[in-house]
2 protein chains.
Amino acid sequence: MDKRKMKYLPHKTIERLSQYRRALLLCQANGKTHIFSHEIATIQHITAVQVRRDIMLIGYTGTLRKGYNIADMISLIGKILDSEKVQNIAIIGMGNLGVAITKYFSGKRTKLEIAAAFDVNPVKIGKKYSGVECYHINQIIKIIKEKDISIGIITVPSTETIIIKNILVKSGIKGILNYTPKPVNVPDDVYLEEYDMTTSLEKVAFFVKMH
Amino acid sequence: MDKRKMKYLPHKTIERLSQYRRALLLCQANGKTHIFSHEIATIQHITAVQVRRDIMLIGYTGTLRKGYNIADMISLIGKILDSEKVQNIAIIGMGNLGVAITKYFSGKRTKLEIAAAFDVNPVKIGKKYSGVECYHINQIIKIIKEKDISIGIITVPSTETIIIKNILVKSGIKGILNYTPKPVNVPDDVYLEEYDMTTSLEKVAFFVKMH
DNA sequence: AATTTATTGTTAATTAATTAACAGCAAAAG
DNA sequence: CTTTTGCTGTTAATTAATTAACAATAAATT
Ligand SMILES: NC(=O)c1ccc[n+]([C@@H]2O[C@H](COP(=O)([O-])OP(=O)(O)OC[C@H]3O[C@@H](n4cnc5c(N)ncnc54)[C@H](O)[C@@H]3O)[C@@H](O)[C@H]2O)c1
Ligand SMILES: NC(=O)c1ccc[n+]([C@@H]2O[C@H](COP(=O)([O-])OP(=O)(O)OC[C@H]3O[C@@H](n4cnc5c(N)ncnc54)[C@H](O)[C@@H]3O)[C@@H](O)[C@H]2O)c1
(Lines give C-alpha, C1' and ligand atoms only; values in the text may rest on other atoms or scores of the structure.)
(Ligands and ions follow the chains in the order given, each with its own letter.)
Protein backbone atom coordinates (compact mmCIF):
# COMPACT_ATOMS: atom_id res chain seq x y z
CA MET A 1 0.00 0.00 0.00
CA ASP A 2 1.12 3.47 -0.98
CA LYS A 3 2.84 5.39 1.83
CA ARG A 4 1.28 8.68 0.79
CA LYS A 5 -2.19 7.27 1.18
CA MET A 6 -1.50 5.84 4.62
CA LYS A 7 -1.00 9.31 6.03
CA TYR A 8 -4.58 10.11 5.26
CA LEU A 9 -6.17 7.12 6.90
CA PRO A 10 -8.78 8.38 9.36
CA HIS A 11 -7.71 8.22 12.99
CA LYS A 12 -10.58 5.91 13.81
CA THR A 13 -9.54 3.54 11.06
CA ILE A 14 -6.03 3.38 12.49
CA GLU A 15 -7.50 2.48 15.86
CA ARG A 16 -9.65 -0.23 14.36
CA LEU A 17 -6.77 -1.67 12.35
CA SER A 18 -4.89 -2.21 15.59
CA GLN A 19 -7.91 -4.06 16.91
CA TYR A 20 -8.56 -6.04 13.74
CA ARG A 21 -5.01 -7.27 13.78
CA ARG A 22 -5.27 -8.64 17.29
CA ALA A 23 -8.59 -10.28 16.48
CA LEU A 24 -7.13 -11.78 13.30
CA LEU A 25 -4.11 -13.13 15.15
CA LEU A 26 -6.46 -14.92 17.50
CA CYS A 27 -8.44 -16.37 14.60
CA GLN A 28 -5.24 -17.48 12.94
CA ALA A 29 -4.12 -19.18 16.15
CA ASN A 30 -7.39 -21.11 16.00
CA GLY A 31 -6.49 -22.40 12.57
CA LYS A 32 -8.77 -20.17 10.52
CA THR A 33 -7.39 -18.98 7.18
CA HIS A 34 -10.20 -16.81 5.81
CA ILE A 35 -12.74 -14.50 7.37
CA PHE A 36 -15.80 -12.53 6.24
CA SER A 37 -16.38 -8.88 6.99
CA HIS A 38 -19.41 -9.75 9.07
CA GLU A 39 -17.35 -12.13 11.18
CA ILE A 40 -14.83 -9.44 12.00
CA ALA A 41 -17.77 -7.16 12.70
CA THR A 42 -19.28 -9.63 15.14
CA ILE A 43 -16.01 -10.01 17.01
CA GLN A 44 -15.52 -6.25 17.25
CA HIS A 45 -19.18 -5.43 17.80
CA ILE A 46 -19.31 -3.00 14.94
CA THR A 47 -20.99 -3.16 11.53
CA ALA A 48 -19.76 -5.17 8.55
CA VAL A 49 -19.92 -2.04 6.39
CA GLN A 50 -17.45 -0.32 8.60
CA VAL A 51 -15.09 -3.26 8.41
CA ARG A 52 -15.30 -3.34 4.62
CA ARG A 53 -14.83 0.39 4.43
CA ASP A 54 -11.68 0.24 6.53
CA ILE A 55 -10.36 -2.61 4.40
CA MET A 56 -11.14 -0.63 1.28
CA LEU A 57 -9.22 2.34 2.68
CA ILE A 58 -6.07 0.28 3.15
CA GLY A 59 -6.41 -0.99 -0.39
CA TYR A 60 -6.88 -4.64 0.37
CA THR A 61 -9.39 -6.81 -1.46
CA GLY A 62 -10.89 -10.06 -0.39
CA THR A 63 -12.29 -12.76 -2.58
CA LEU A 64 -15.96 -12.97 -3.23
CA ARG A 65 -17.72 -15.63 -1.18
CA LYS A 66 -14.49 -16.61 0.46
CA GLY A 67 -13.77 -13.50 2.44
CA TYR A 68 -10.38 -12.07 3.41
CA ASN A 69 -7.18 -14.00 3.72
CA ILE A 70 -6.23 -13.67 7.36
CA ALA A 71 -2.49 -14.02 6.92
CA ASP A 72 -2.42 -11.44 4.15
CA MET A 73 -4.44 -8.98 6.15
CA ILE A 74 -2.27 -9.36 9.23
CA SER A 75 0.76 -8.76 7.08
CA LEU A 76 -0.74 -5.72 5.38
CA ILE A 77 -1.85 -4.16 8.66
CA GLY A 78 1.69 -4.76 9.90
CA LYS A 79 3.08 -2.90 6.90
CA ILE A 80 0.80 0.00 7.70
CA LEU A 81 1.05 0.20 11.46
CA ASP A 82 4.51 -1.07 12.22
CA SER A 83 7.76 0.66 11.68
CA GLU A 84 10.53 -1.39 10.05
CA LYS A 85 12.78 -1.13 13.03
CA VAL A 86 11.67 -1.39 16.64
CA GLN A 87 10.18 1.78 18.10
CA ASN A 88 11.52 2.40 21.58
CA ILE A 89 9.38 3.73 24.38
CA ALA A 90 10.12 5.43 27.68
CA ILE A 91 7.75 5.42 30.61
CA ILE A 92 8.02 8.23 33.13
CA GLY A 93 6.67 7.69 36.64
CA MET A 94 6.91 4.15 38.03
CA GLY A 95 3.98 4.35 40.44
CA ASN A 96 0.94 2.10 40.42
CA LEU A 97 -0.04 2.87 36.88
CA GLY A 98 3.46 3.02 35.42
CA VAL A 99 4.36 -0.38 36.86
CA ALA A 100 1.08 -1.91 35.67
CA ILE A 101 1.57 -0.61 32.13
CA THR A 102 5.19 -1.70 31.98
CA LYS A 103 4.25 -5.19 33.08
CA TYR A 104 1.42 -5.26 30.59
CA PHE A 105 3.43 -4.19 27.55
CA SER A 106 6.84 -5.65 28.20
CA GLY A 107 7.82 -8.37 25.81
CA LYS A 108 4.46 -8.36 24.10
CA ARG A 109 4.62 -6.48 20.81
CA THR A 110 7.82 -7.09 18.92
CA LYS A 111 7.91 -3.75 17.13
CA LEU A 112 7.19 -1.66 20.22
CA GLU A 113 9.50 -1.94 23.18
CA ILE A 114 9.58 -0.24 26.53
CA ALA A 115 13.28 0.52 26.62
CA ALA A 116 13.55 2.56 29.81
CA ALA A 117 11.63 3.73 32.85
CA PHE A 118 12.20 6.91 34.87
CA ASP A 119 11.35 8.11 38.35
CA VAL A 120 12.67 10.40 41.08
CA ASN A 121 12.14 8.08 44.00
CA PRO A 122 15.56 6.66 45.01
CA VAL A 123 13.91 3.41 46.04
CA LYS A 124 12.94 2.80 42.42
CA ILE A 125 16.09 3.93 40.65
CA GLY A 126 18.25 1.03 39.51
CA LYS A 127 15.44 -1.49 39.95
CA LYS A 128 14.09 -3.49 37.05
CA TYR A 129 10.37 -3.69 36.36
CA SER A 130 9.43 -6.62 34.14
CA GLY A 131 12.91 -6.40 32.74
CA VAL A 132 12.84 -2.65 32.18
CA GLU A 133 15.47 -0.66 34.05
CA CYS A 134 14.39 2.40 35.99
CA TYR A 135 16.68 5.45 35.76
CA HIS A 136 16.66 8.77 37.57
CA ILE A 137 14.74 11.38 35.65
CA ASN A 138 17.83 13.55 35.31
CA GLN A 139 19.32 10.90 33.05
CA ILE A 140 16.44 11.01 30.63
CA ILE A 141 17.86 13.16 27.84
CA LYS A 142 21.01 11.07 27.71
CA ILE A 143 19.16 7.73 27.77
CA ILE A 144 16.61 8.81 25.17
CA LYS A 145 19.47 9.61 22.80
CA GLU A 146 21.41 6.47 23.62
CA LYS A 147 18.48 4.12 23.26
CA ASP A 148 16.90 5.93 20.34
CA ILE A 149 13.59 6.38 22.13
CA SER A 150 10.86 8.11 20.14
CA ILE A 151 7.76 7.66 22.31
CA GLY A 152 7.07 8.65 25.91
CA ILE A 153 4.31 7.50 28.26
CA ILE A 154 3.62 9.93 31.11
CA THR A 155 2.42 8.43 34.40
CA VAL A 156 3.76 10.92 36.94
CA PRO A 157 1.58 12.86 39.40
CA SER A 158 -0.32 15.51 37.45
CA THR A 159 1.63 18.32 39.14
CA GLU A 160 4.69 17.06 37.26
CA THR A 161 3.06 16.53 33.89
CA ILE A 162 4.13 19.79 32.25
CA ILE A 163 7.71 19.50 33.47
CA ILE A 164 7.98 16.00 32.07
CA LYS A 165 6.28 16.93 28.82
CA ASN A 166 8.79 19.75 28.34
CA ILE A 167 11.71 17.45 28.99
CA LEU A 168 10.34 14.92 26.52
CA VAL A 169 9.82 17.51 23.81
CA LYS A 170 13.24 19.00 24.43
CA SER A 171 14.89 15.62 24.13
CA GLY A 172 13.37 15.15 20.71
CA ILE A 173 10.64 12.64 21.40
CA LYS A 174 8.08 12.34 18.59
CA GLY A 175 5.06 10.86 20.34
CA ILE A 176 3.52 11.24 23.79
CA LEU A 177 0.87 9.19 25.51
CA ASN A 178 -0.33 11.19 28.51
CA TYR A 179 -2.22 9.27 31.19
CA THR A 180 -2.32 12.08 33.70
CA PRO A 181 -5.43 14.25 33.99
CA LYS A 182 -3.42 17.39 33.21
CA PRO A 183 -3.80 18.27 29.52
CA VAL A 184 -0.63 19.24 27.70
CA ASN A 185 0.17 20.74 24.35
CA VAL A 186 3.04 19.93 22.11
CA PRO A 187 4.71 21.28 18.95
CA ASP A 188 3.30 20.21 15.59
CA ASP A 189 5.95 17.59 15.00
CA VAL A 190 5.05 15.68 18.16
CA TYR A 191 1.99 13.44 18.13
CA LEU A 192 -0.04 13.56 21.31
CA GLU A 193 -2.61 11.15 22.67
CA GLU A 194 -4.28 11.76 26.02
CA TYR A 195 -6.51 9.54 28.08
CA ASP A 196 -8.25 10.61 31.22
CA MET A 197 -9.83 7.83 33.25
CA THR A 198 -11.89 10.15 35.41
CA THR A 199 -13.53 11.56 32.33
CA SER A 200 -14.45 8.08 31.11
CA LEU A 201 -15.91 7.15 34.45
CA GLU A 202 -17.88 10.37 34.79
CA LYS A 203 -19.19 9.87 31.27
CA VAL A 204 -20.42 6.38 32.07
CA ALA A 205 -21.98 7.70 35.28
CA PHE A 206 -23.74 10.44 33.35
CA PHE A 207 -25.31 8.11 30.81
CA VAL A 208 -26.26 5.65 33.54
CA LYS A 209 -28.00 8.41 35.45
CA MET A 210 -29.77 9.56 32.28
CA HIS A 211 -30.64 5.95 31.51
CA MET B 1 -30.95 23.23 33.01
CA ASP B 2 -33.70 21.19 31.46
CA LYS B 3 -33.33 17.44 31.93
CA ARG B 4 -34.66 16.66 28.48
CA LYS B 5 -31.98 18.79 26.86
CA MET B 6 -29.18 17.17 28.82
CA LYS B 7 -29.82 13.85 27.17
CA TYR B 8 -28.87 15.33 23.87
CA LEU B 9 -25.58 16.84 24.85
CA PRO B 10 -22.91 15.53 22.49
CA HIS B 11 -20.70 12.84 23.95
CA LYS B 12 -17.64 14.97 23.43
CA THR B 13 -19.24 17.83 25.30
CA ILE B 14 -19.92 15.54 28.26
CA GLU B 15 -16.26 14.56 28.27
CA ARG B 16 -15.13 18.16 28.18
CA LEU B 17 -17.53 19.17 30.94
CA SER B 18 -15.86 16.65 33.21
CA GLN B 19 -12.53 18.22 32.36
CA TYR B 20 -13.73 21.81 32.65
CA ARG B 21 -15.03 21.09 36.10
CA ARG B 22 -11.71 19.81 37.34
CA ALA B 23 -9.90 22.75 35.79
CA LEU B 24 -12.40 25.16 37.35
CA LEU B 25 -12.03 23.57 40.76
CA LEU B 26 -8.31 24.18 40.53
CA CYS B 27 -8.84 27.81 39.52
CA GLN B 28 -11.27 28.25 42.37
CA ALA B 29 -8.74 26.80 44.80
CA ASN B 30 -6.35 29.49 43.59
CA GLY B 31 -8.83 32.19 44.57
CA LYS B 32 -10.13 33.03 41.10
CA THR B 33 -13.84 33.86 40.84
CA HIS B 34 -14.30 34.50 37.12
CA ILE B 35 -12.78 33.08 33.97
CA PHE B 36 -12.88 33.85 30.23
CA SER B 37 -13.54 31.26 27.56
CA HIS B 38 -10.04 31.72 26.19
CA GLU B 39 -8.54 31.04 29.61
CA ILE B 40 -10.36 27.74 29.87
CA ALA B 41 -9.27 27.03 26.32
CA THR B 42 -5.63 27.66 27.17
CA ILE B 43 -5.77 25.33 30.17
CA GLN B 44 -7.40 22.58 28.14
CA HIS B 45 -5.44 23.23 24.96
CA ILE B 46 -8.53 23.57 22.85
CA THR B 47 -10.14 26.58 21.16
CA ALA B 48 -12.17 29.27 22.90
CA VAL B 49 -15.00 28.75 20.42
CA GLN B 50 -15.36 25.20 21.49
CA VAL B 51 -15.49 26.19 25.13
CA ARG B 52 -18.18 28.78 24.42
CA ARG B 53 -20.13 26.31 22.34
CA ASP B 54 -20.12 23.75 25.12
CA ILE B 55 -21.21 26.41 27.60
CA MET B 56 -23.96 27.48 25.26
CA LEU B 57 -25.17 23.88 25.00
CA ILE B 58 -25.57 23.58 28.74
CA GLY B 59 -27.51 26.83 28.77
CA TYR B 60 -25.17 28.86 30.90
CA THR B 61 -24.33 32.48 30.12
CA GLY B 62 -21.39 34.51 31.26
CA THR B 63 -21.18 38.23 31.56
CA LEU B 64 -19.65 40.29 28.84
CA ARG B 65 -16.11 41.41 29.58
CA LYS B 66 -16.18 39.64 32.90
CA GLY B 67 -16.38 36.06 31.76
CA TYR B 68 -17.97 33.13 33.52
CA ASN B 69 -18.60 32.82 37.23
CA ILE B 70 -16.51 29.85 38.30
CA ALA B 71 -18.63 28.80 41.27
CA ASP B 72 -21.81 28.92 39.20
CA MET B 73 -20.29 26.89 36.42
CA ILE B 74 -18.97 24.24 38.77
CA SER B 75 -22.38 23.99 40.31
CA LEU B 76 -24.15 23.75 36.96
CA ILE B 77 -21.77 21.11 35.64
CA GLY B 78 -22.43 19.22 38.86
CA LYS B 79 -26.17 19.38 38.23
CA ILE B 80 -25.61 17.96 34.78
CA LEU B 81 -23.02 15.28 35.44
CA ASP B 82 -23.71 14.17 38.96
CA SER B 83 -26.53 12.07 40.19
CA GLU B 84 -28.31 13.27 43.32
CA LYS B 85 -27.37 10.24 45.30
CA VAL B 86 -23.99 8.52 45.19
CA GLN B 87 -23.47 6.16 42.26
CA ASN B 88 -21.84 2.95 43.40
CA ILE B 89 -19.18 1.19 41.38
CA ALA B 90 -17.82 -2.35 41.35
CA ILE B 91 -14.40 -3.25 40.04
CA ILE B 92 -13.83 -6.77 38.82
CA GLY B 93 -10.27 -8.14 38.72
CA MET B 94 -7.88 -6.87 41.39
CA GLY B 95 -4.66 -7.34 39.47
CA ASN B 96 -2.16 -4.63 38.63
CA LEU B 97 -4.62 -2.41 36.86
CA GLY B 98 -7.58 -3.02 39.15
CA VAL B 99 -5.55 -2.17 42.24
CA ALA B 100 -4.11 0.95 40.60
CA ILE B 101 -7.54 2.19 39.56
CA THR B 102 -9.06 1.48 42.95
CA LYS B 103 -6.30 3.39 44.68
CA TYR B 104 -6.65 6.22 42.22
CA PHE B 105 -10.41 6.67 42.56
CA SER B 106 -11.08 5.75 46.14
CA GLY B 107 -12.23 8.63 48.27
CA LYS B 108 -11.78 11.13 45.47
CA ARG B 109 -15.09 12.00 43.86
CA THR B 110 -17.91 12.28 46.35
CA LYS B 111 -20.70 11.26 44.00
CA LEU B 112 -18.89 8.23 42.60
CA GLU B 113 -17.77 5.53 44.95
CA ILE B 114 -16.02 2.23 44.43
CA ALA B 115 -18.20 0.15 46.71
CA ALA B 116 -16.80 -3.32 46.10
CA ALA B 117 -14.03 -5.24 44.38
CA PHE B 118 -14.16 -8.80 43.05
CA ASP B 119 -11.62 -11.47 42.19
CA VAL B 120 -11.23 -15.24 42.11
CA ASN B 121 -7.79 -15.45 43.68
CA PRO B 122 -8.21 -16.64 47.29
CA VAL B 123 -5.23 -14.52 48.34
CA LYS B 124 -7.17 -11.39 47.44
CA ILE B 125 -10.62 -12.28 48.77
CA GLY B 126 -11.36 -10.61 52.09
CA LYS B 127 -8.52 -8.12 51.70
CA LYS B 128 -9.15 -4.38 51.54
CA TYR B 129 -7.66 -2.27 48.79
CA SER B 130 -7.61 1.43 49.64
CA GLY B 131 -10.56 0.75 51.88
CA VAL B 132 -12.49 -1.26 49.30
CA GLU B 133 -13.29 -4.84 50.27
CA CYS B 134 -12.57 -7.58 47.79
CA TYR B 135 -15.19 -10.33 47.48
CA HIS B 136 -15.23 -13.60 45.60
CA ILE B 137 -16.74 -13.22 42.17
CA ASN B 138 -19.51 -15.70 43.01
CA GLN B 139 -20.86 -13.16 45.50
CA ILE B 140 -21.21 -10.45 42.90
CA ILE B 141 -24.93 -10.61 42.12
CA LYS B 142 -25.79 -10.50 45.80
CA ILE B 143 -23.39 -7.64 46.59
CA ILE B 144 -24.46 -5.59 43.59
CA LYS B 145 -28.04 -5.76 44.82
CA GLU B 146 -27.13 -5.10 48.45
CA LYS B 147 -24.89 -2.14 47.73
CA ASP B 148 -27.02 -0.74 44.91
CA ILE B 149 -24.14 -0.80 42.45
CA SER B 150 -24.95 0.51 38.97
CA ILE B 151 -21.53 0.70 37.31
CA GLY B 152 -18.89 -1.98 36.71
CA ILE B 153 -15.23 -1.61 35.77
CA ILE B 154 -13.77 -4.71 34.12
CA THR B 155 -10.07 -5.39 34.71
CA VAL B 156 -9.90 -9.17 34.50
CA PRO B 157 -7.75 -11.10 32.00
CA SER B 158 -9.31 -10.72 28.56
CA THR B 159 -10.22 -14.41 28.45
CA GLU B 160 -12.70 -13.68 31.25
CA THR B 161 -14.15 -10.48 29.85
CA ILE B 162 -17.28 -11.94 28.28
CA ILE B 163 -18.12 -14.05 31.32
CA ILE B 164 -17.83 -11.03 33.58
CA LYS B 165 -19.79 -8.81 31.20
CA ASN B 166 -22.61 -11.33 31.17
CA ILE B 167 -22.67 -11.51 34.94
CA LEU B 168 -22.75 -7.73 35.18
CA VAL B 169 -25.58 -7.40 32.69
CA LYS B 170 -27.51 -10.18 34.37
CA SER B 171 -27.18 -8.53 37.74
CA GLY B 172 -28.74 -5.39 36.38
CA ILE B 173 -25.77 -3.08 36.09
CA LYS B 174 -26.41 -0.02 33.93
CA GLY B 175 -22.92 1.07 32.92
CA ILE B 176 -19.72 -0.77 32.07
CA LEU B 177 -16.20 0.53 31.67
CA ASN B 178 -14.18 -2.18 29.95
CA TYR B 179 -10.40 -1.90 30.20
CA THR B 180 -9.65 -5.26 28.68
CA PRO B 181 -8.73 -5.55 25.01
CA LYS B 182 -11.65 -7.88 24.36
CA PRO B 183 -14.57 -5.89 22.94
CA VAL B 184 -17.99 -6.65 24.39
CA ASN B 185 -21.52 -5.78 23.49
CA VAL B 186 -24.34 -4.99 25.81
CA PRO B 187 -28.12 -4.51 25.67
CA ASP B 188 -29.46 -1.06 24.80
CA ASP B 189 -30.18 -0.13 28.38
CA VAL B 190 -26.56 -0.58 29.45
CA TYR B 191 -24.07 2.14 28.61
CA LEU B 192 -20.69 0.86 27.51
CA GLU B 193 -17.33 2.58 27.37
CA GLU B 194 -14.22 0.73 26.25
CA TYR B 195 -10.61 1.74 26.35
CA ASP B 196 -7.80 -0.26 24.86
CA MET B 197 -4.30 0.85 25.79
CA THR B 198 -2.59 -1.16 23.09
CA THR B 199 -4.63 0.63 20.47
CA SER B 200 -3.61 4.02 21.84
CA LEU B 201 0.03 3.07 21.88
CA GLU B 202 -0.04 1.61 18.37
CA LYS B 203 -1.78 4.76 17.17
CA VAL B 204 0.92 6.98 18.64
CA ALA B 205 3.56 4.71 17.13
CA PHE B 206 1.89 4.94 13.73
CA PHE B 207 1.79 8.72 13.68
CA VAL B 208 5.33 8.91 14.98
CA LYS B 209 6.52 6.65 12.19
CA MET B 210 4.59 8.72 9.64
CA HIS B 211 5.94 11.89 11.21
C1' DA C 1 -19.86 61.80 24.28
C1' DA C 2 -17.91 59.17 20.76
C1' DT C 3 -14.89 55.56 19.55
C1' DT C 4 -12.39 51.54 20.21
C1' DT C 5 -11.69 47.12 22.29
C1' DA C 6 -12.67 42.69 24.12
C1' DT C 7 -15.69 39.26 24.89
C1' DT C 8 -19.99 36.63 24.65
C1' DG C 9 -23.59 33.87 22.16
C1' DT C 10 -25.19 31.98 18.05
C1' DT C 11 -25.71 30.73 13.29
C1' DA C 12 -23.51 29.03 9.23
C1' DA C 13 -19.86 26.38 7.04
C1' DT C 14 -16.68 22.79 7.10
C1' DT C 15 -14.66 18.51 8.15
C1' DA C 16 -14.74 13.79 10.05
C1' DA C 17 -17.02 9.59 10.76
C1' DT C 18 -20.69 6.46 10.14
C1' DT C 19 -24.34 4.32 7.79
C1' DA C 20 -27.22 3.24 3.79
C1' DA C 21 -27.69 1.74 -0.80
C1' DC C 22 -26.60 -0.92 -4.34
C1' DA C 23 -24.00 -2.75 -8.49
C1' DG C 24 -21.21 -6.62 -9.56
C1' DC C 25 -20.24 -11.18 -9.47
C1' DA C 26 -18.64 -16.00 -8.02
C1' DA C 27 -20.46 -19.91 -6.08
C1' DA C 28 -24.36 -22.70 -4.89
C1' DA C 29 -28.75 -24.45 -5.88
C1' DG C 30 -32.09 -25.83 -8.83
C1' DC D 1 -27.73 -23.89 -18.01
C1' DT D 2 -30.37 -20.52 -15.28
C1' DT D 3 -31.60 -18.54 -11.15
C1' DT D 4 -30.76 -17.46 -6.55
C1' DT D 5 -27.83 -16.36 -2.80
C1' DG D 6 -24.37 -14.11 -0.22
C1' DC D 7 -20.62 -11.39 -0.11
C1' DT D 8 -17.47 -7.63 -1.76
C1' DG D 9 -16.30 -2.85 -3.03
C1' DT D 10 -17.75 1.69 -3.67
C1' DT D 11 -20.48 5.74 -4.01
C1' DA D 12 -23.95 8.54 -1.90
C1' DA D 13 -26.40 10.14 2.19
C1' DT D 14 -26.51 11.07 6.87
C1' DT D 15 -25.00 12.28 11.32
C1' DA D 16 -21.57 14.07 14.63
C1' DA D 17 -18.12 17.25 15.76
C1' DT D 18 -15.38 21.21 14.95
C1' DT D 19 -14.33 25.64 13.24
C1' DA D 20 -15.38 30.12 11.14
C1' DA D 21 -17.91 34.22 11.07
C1' DC D 22 -20.03 37.80 13.03
C1' DA D 23 -23.70 40.55 15.51
C1' DA D 24 -24.39 42.40 19.98
C1' DT D 25 -22.73 45.01 23.64
C1' DA D 26 -20.43 46.36 28.12
C1' DA D 27 -16.34 48.37 29.51
C1' DA D 28 -12.31 51.05 28.55
C1' DT D 29 -10.19 54.74 26.11
C1' DT D 30 -9.99 58.98 23.75
N1 LIG E 1 -3.44 4.75 39.22
C2 LIG E 1 -4.35 4.83 38.29
O3 LIG E 1 -5.12 3.91 38.04
C4 LIG E 1 -4.49 6.05 37.50
C5 LIG E 1 -5.59 6.16 36.69
C6 LIG E 1 -5.73 7.27 35.89
C7 LIG E 1 -4.78 8.23 35.93
N8 LIG E 1 -3.75 8.13 36.73
C9 LIG E 1 -2.75 9.19 36.68
O10 LIG E 1 -1.50 8.63 36.42
C11 LIG E 1 -0.52 9.31 37.15
C12 LIG E 1 0.20 8.32 38.03
O13 LIG E 1 -0.74 7.67 38.87
P14 LIG E 1 -0.26 6.62 39.94
O15 LIG E 1 -1.46 6.12 40.62
O16 LIG E 1 0.66 5.64 39.31
O17 LIG E 1 0.56 7.57 40.94
P18 LIG E 1 1.79 7.21 41.87
O19 LIG E 1 1.93 8.31 42.83
O20 LIG E 1 1.67 5.81 42.33
O21 LIG E 1 3.04 7.25 40.87
C22 LIG E 1 3.68 8.40 40.43
C23 LIG E 1 5.17 8.09 40.27
O24 LIG E 1 5.80 9.19 39.63
C25 LIG E 1 7.04 9.43 40.31
N26 LIG E 1 7.43 10.82 40.09
C27 LIG E 1 7.03 11.93 40.75
N28 LIG E 1 7.58 13.02 40.23
C29 LIG E 1 8.36 12.60 39.22
C30 LIG E 1 9.22 13.27 38.29
N31 LIG E 1 9.36 14.60 38.30
N32 LIG E 1 9.87 12.53 37.39
C33 LIG E 1 9.73 11.18 37.36
N34 LIG E 1 8.95 10.51 38.19
C35 LIG E 1 8.27 11.20 39.12
C36 LIG E 1 6.76 9.10 41.76
O37 LIG E 1 7.96 8.82 42.43
C38 LIG E 1 5.87 7.87 41.60
O39 LIG E 1 6.64 6.70 41.53
C40 LIG E 1 -1.23 10.39 37.93
O41 LIG E 1 -1.14 11.60 37.23
C42 LIG E 1 -2.64 9.93 37.99
O43 LIG E 1 -3.53 11.01 38.01
C44 LIG E 1 -3.56 7.04 37.52
N1 LIG F 1 -1.89 -3.67 33.50
C2 LIG F 1 -2.14 -2.74 32.61
O3 LIG F 1 -1.54 -1.67 32.61
C4 LIG F 1 -3.17 -2.95 31.60
C5 LIG F 1 -3.27 -2.03 30.59
C6 LIG F 1 -4.26 -2.15 29.65
C7 LIG F 1 -5.12 -3.19 29.72
N8 LIG F 1 -5.02 -4.09 30.69
C9 LIG F 1 -6.01 -5.15 30.73
O10 LIG F 1 -6.61 -5.14 31.99
C11 LIG F 1 -6.85 -6.47 32.40
C12 LIG F 1 -6.16 -6.71 33.71
O13 LIG F 1 -4.79 -6.45 33.57
P14 LIG F 1 -3.81 -6.66 34.77
O15 LIG F 1 -2.46 -6.27 34.32
O16 LIG F 1 -4.34 -6.02 35.98
O17 LIG F 1 -3.87 -8.26 34.91
P18 LIG F 1 -3.67 -9.15 36.21
O19 LIG F 1 -3.47 -10.54 35.76
O20 LIG F 1 -2.67 -8.52 37.10
O21 LIG F 1 -5.08 -9.05 36.96
C22 LIG F 1 -6.21 -9.77 36.62
C23 LIG F 1 -6.97 -10.12 37.91
O24 LIG F 1 -8.24 -10.66 37.57
C25 LIG F 1 -8.47 -11.78 38.43
N26 LIG F 1 -9.42 -12.66 37.77
C27 LIG F 1 -9.17 -13.63 36.87
N28 LIG F 1 -10.32 -14.23 36.50
C29 LIG F 1 -11.31 -13.64 37.20
C30 LIG F 1 -12.72 -13.82 37.26
N31 LIG F 1 -13.32 -14.74 36.51
N32 LIG F 1 -13.41 -13.04 38.09
C33 LIG F 1 -12.81 -12.11 38.85
N34 LIG F 1 -11.48 -11.88 38.83
C35 LIG F 1 -10.75 -12.64 38.01
C36 LIG F 1 -7.11 -12.37 38.68
O37 LIG F 1 -7.13 -13.13 39.85
C38 LIG F 1 -6.26 -11.13 38.77
O39 LIG F 1 -6.21 -10.65 40.10
C40 LIG F 1 -6.36 -7.36 31.29
O41 LIG F 1 -7.44 -7.71 30.46
C42 LIG F 1 -5.40 -6.50 30.54
O43 LIG F 1 -5.37 -6.84 29.18
C44 LIG F 1 -4.07 -3.99 31.66
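Since the structure is predicted, the reported quantities are computational estimates derived from the model, not experimental observations. Chain letters run A, B, ... following the sequence lines, proteins first, then strands; residues in each count from 1.
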message: Output the rounded distance in Å from CZ (B/Phe36) to C1' (C/dA6).
response: 8 Å
- prompt: What is the distance from CZ of A/Arg52 to P of D/dT11, rounded to the nearest Å?
  reply: 14 Å
query: Using 30° and 60° as the class limits, which term best fits the ring planes of A/Phe207 and B/Tyr191: parallel, tilted or perpendicular?
result: parallel
query: Roughly, in whole Å, what's the span from CD in A/Gln50 to P in C/dT19?
result: 6 Å
- line: B/Met56 atom CE is separated from D/dA17 atom C1', nearest whole Å, by 13 Å
- line: Nearest heavy-atom contact between A/Val169 and A/Val186 is CG2-CG1, 4.3 Å
task: In whole angstrom, give the distance that lies between atom CG of B/Leu57 and atom P of C/dT8.
output: 16 Å
task: Let me know the distance between OH of B/Tyr8 and P of D/dA17, rounded to the nearest Å.
output: 15 Å
message: Strictly below 4.0 Å: does B/Arg16 bring a side-chain N or O up to OP1 or OP2 of D/dT18?
response: yes
field: Under-3.5 Å donor-acceptor pair between B/Arg65 side chain and C/dT5 base
entry: yes
- request: In whole angstrom, give the distance that lies between atom NE2 of A/His38 and atom P of D/dT5.
  value: 17 Å
- line: Comparing nearest nucleotides in DNA chain D, the 5'-proximal residue of the pair A/Gly62, B/Leu64 is A/Gly62
message: Below 30° counts as parallel, above 60° as perpendicular, anything between as tilted: where do the rings of B/Tyr68 and B/Tyr60 land?
response: tilted
statement: B/His11 atom NE2 is separated from D/dT15 atom P, nearest whole Å, by 15 Å
message: Heavy atoms only, 4.0 Å cut-off, all strands: where does A/Ser37 land among base, sugar-phosphate and nothing?
response: sugar-phosphate
query: Closest nucleotide of DNA chain D for A/Thr63 versus for A/Arg53: which of these residues is on the 5' side?
result: A/Thr63
query: Any side-chain donor-acceptor pair under 3.5 Å between A/Gln87 and A/Ser150?
result: no
